[in-house]
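The block underneath contains the structure these notes are about, expressed in structure tokens.
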Amino acid sequence: MQRKDSPDDVARPETPARGSGGVQSLGRAFSILEAIADAGGIMGLSRLAEEVGLPLATIHRLLRSLVDLGYVRQEPNRQYSLGPRLMRLAGEATSRLGVWARPLLSEAVQELGESVNLAILDGDEVVYVAQVQPSTTLMRMFTEVGRRTLPHTTAVGKAILAAATDEEVRALLRRTGMPRRTPSTITEPEEFLRRLAQARERGYATDDGEQEIGVRCVAVAVPDAPRPMAMSLSGPTGRMDDATVERAAAVLGEVAGRLGAALSGAPAEVGLR
């Protein structure tokens with residue numbers, strides 16, 4: 001699922017007002033890459049110049065360099081798309097995400113006493129990239145890092161998709177289907193959309209035995225993250241009553257806000273502390 005932000009909604013780094021031409025060109029090159037990413041991974045030259053706010057000649061010069069380096073690809077239709085060399089950078093950055101997030105996940109575990117997970121949306125699937133478990137709880141919930149699952153069965157999937165439009169969600173569900181994992185799994189698109197509306201209103205999403213029988217999860221989206229992601233807490237149904245879920249949602253929301261600030265480039269003290 002790609003972001004569909006309008007130009008007014010997207011905050012990109014401003015071109016440095018001072019400094020060497022190399023620093024200025026670097027800032028402009030990253031603005032080009034972000035603009036292409038925000039457009040769904042492919043963009044024409046004229047629209048790109050309009051989005052970034054630079055002359056066509058400047059955009060074209062920078063694009064030639066990015067194409068030569070493999071970070072941008074020119075398609076047969078003359079549009080420009082993100083290049084394959086970015087895959088290595090994205091893969092390494094994603095693998096480090098769990099390391100960066102672990103101290104914050106640990107804070108939530110210490111506060112709440114249950115397992116806490118971090119997951120991202122990769123294509124049409126949810127991928128778990130980090131987990132921290134409590135050291136004192138006898139019965140712990142374990143989710144393998146790297147595990148992939150469909151978003152309709154999970155709290156993290158609902159928390160992430162709550163930011164999407166109904167049309168985007170329906171398109172995703174058509175691609176993936178809605179296979180049943182447990183008797184509680186939601187298998188009807190309209191019911192799933194109703195749950196997403198509920199998650200938007202409450203600020204958090206839940207999974208009530210929809211992925212695994214006897215397990216209840218609560219999740220919140222990570223705001224301002226560079227890609228769709230969510231943080232969740234999971235535990236046995238007997239320990240996860242409504243009061244626990246609401247308290248967990250508040251703690252997760254505070255921690256997720258700090259993680260989002262750190263990932264978006266805010267000063268370090270906003271993040272790990």
Side-chain angles (χ1 to χ4, degrees), residues 3 11 13 30 34 88-122 125-149 151 154-163 199 202-207 211-212 215-236 239-240 243-273:
R3 292 173 53 194
F30 277 109
E34 291 184 356
R88 180 170 65 89
L89 301 182
E92 290 300 320
T94 299
S95 69
R96 296 294 298 170
L97 179 58
V99 177
W100 300 331
R102 190 173 182 84
L104 285 172
L105 299 184
S106 296
E107 287 187 23
V109 170
Q110 291 172 7
E111 179 74 17
L112 298 167
E114 300 287 357
S115 300
V116 175
N117 311 288
L118 183 68
I120 62 173
L121 186 67
D122 185 31
E125 296 179 311
V126 166
V127 182
Y128 290 90
V129 296
Q131 182 184 67
V132 175
Q133 296 185 22
S135 59
T136 57
T137 304
L138 293 178
M139 185 177 180
R140 310 170 191 170
M141 298 297 102
F142 175 75
T143 298
E144 183 180 1
V145 173
R147 177 188 178 192
R148 290 176 170 268
T149 189
T154 64
V156 287
K158 294 190 192 80
I160 291 171
L161 293 180
R202 296 189 303 191
Y204 64 88
T206 58
D207 154 20
Q211 172 74 15
E212 185 176 350
V215 177
R216 193 179 192 194
C217 302
V218 55
V220 300
V222 177
D224 303 318
R227 63 185 301 175
M229 66 179 67
M231 188 179 295
S232 71
L233 177 140
S234 56
R239 292 204 301 256
M240 296 287 289
T244 300
V245 166
E246 290 188 12
R247 177 169 174 263
V251 173
L252 291 175
E254 192 274 334
V255 173
R258 290 163 56 200
L259 177 60
L263 293 176
S264 67
E269 62 266 23
V270 177
L272 311 182
R273 66 186 184 197

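- R202 CZ: more than 12 foreign heavy atoms inside a 6.0 Å radius.
- The two residues T154 and Q211 come nearest to each other via the heavy atoms CG2-OE1, 3.8 Å.
- To the nearest 0.5 angstrom, W100 atom CH2 is 10.5 Å from L259 atom CG.
- Atom CZ of R227 sits about 5.0 Å away from atom CG of D122, to the nearest 0.5 Å.
- Although no hydrogens or angles enter the test, the distance criterion places no donor-acceptor pair under 3.5 Å between the side chain of R148 and the main chain of E125.
- Within the 4.5 Å cutoff, side-chain heavy atoms of M231 are placed close to those of V116.
- Put simply, the side chain of P236 reaches to within 4.5 Å of the side chain of E114, judged on heavy atoms.
- Taking every heavy atom of both residues into account, P228 and I160 meet most closely at CB-CG2, 3.5 Å.
- Of all non-hydrogen atoms in P223 and G257, the two that sit nearest each other are CG-CA, 3.8 Å.
- Atoms CG and CG, on L252 and L112 in that order, are 6.0 Å from each other to the nearest 0.5 Å.
- The side-chain heavy atoms of L118 and R102, taken from C-beta on, include no pair separated by under 4.5 Å.
- When every heavy atom of G157 is checked against every heavy atom of V126, the shortest pair comes out as CA-CG2, 3.9 Å.
- Within the model, atoms CZ of R258 and CG of L104 stand 5.0 Å from one another, a figure rounded to the nearest 0.5 Å.
- The two atoms that bring V255 and A108 nearest to each other are CG2-CB, 4.3 Å, heavy atoms only.
- Taken from CZ in R239 to OG1 in T244, the straight-line distance is 10.0 Å, to the nearest 0.5 Å.
- What you find for V156 and A230 is that their closest heavy atoms are O-CB, 3.8 Å.
- Counting heavy atoms from C-beta on, the side chains of L263 and M229 come closer than 4.5 Å.
- One side chain, N117 or S232, offers a donor N or O that lies under 3.5 Å from an acceptor on the other.
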- Hey, mind stepping through V218 and E246 against side-chain contact (heavy atoms from CB on, under 4.5 Å) and telling me if it holds? CA-CA 9 Å; V218 55; E246 290 188 12; over 6 Å; no
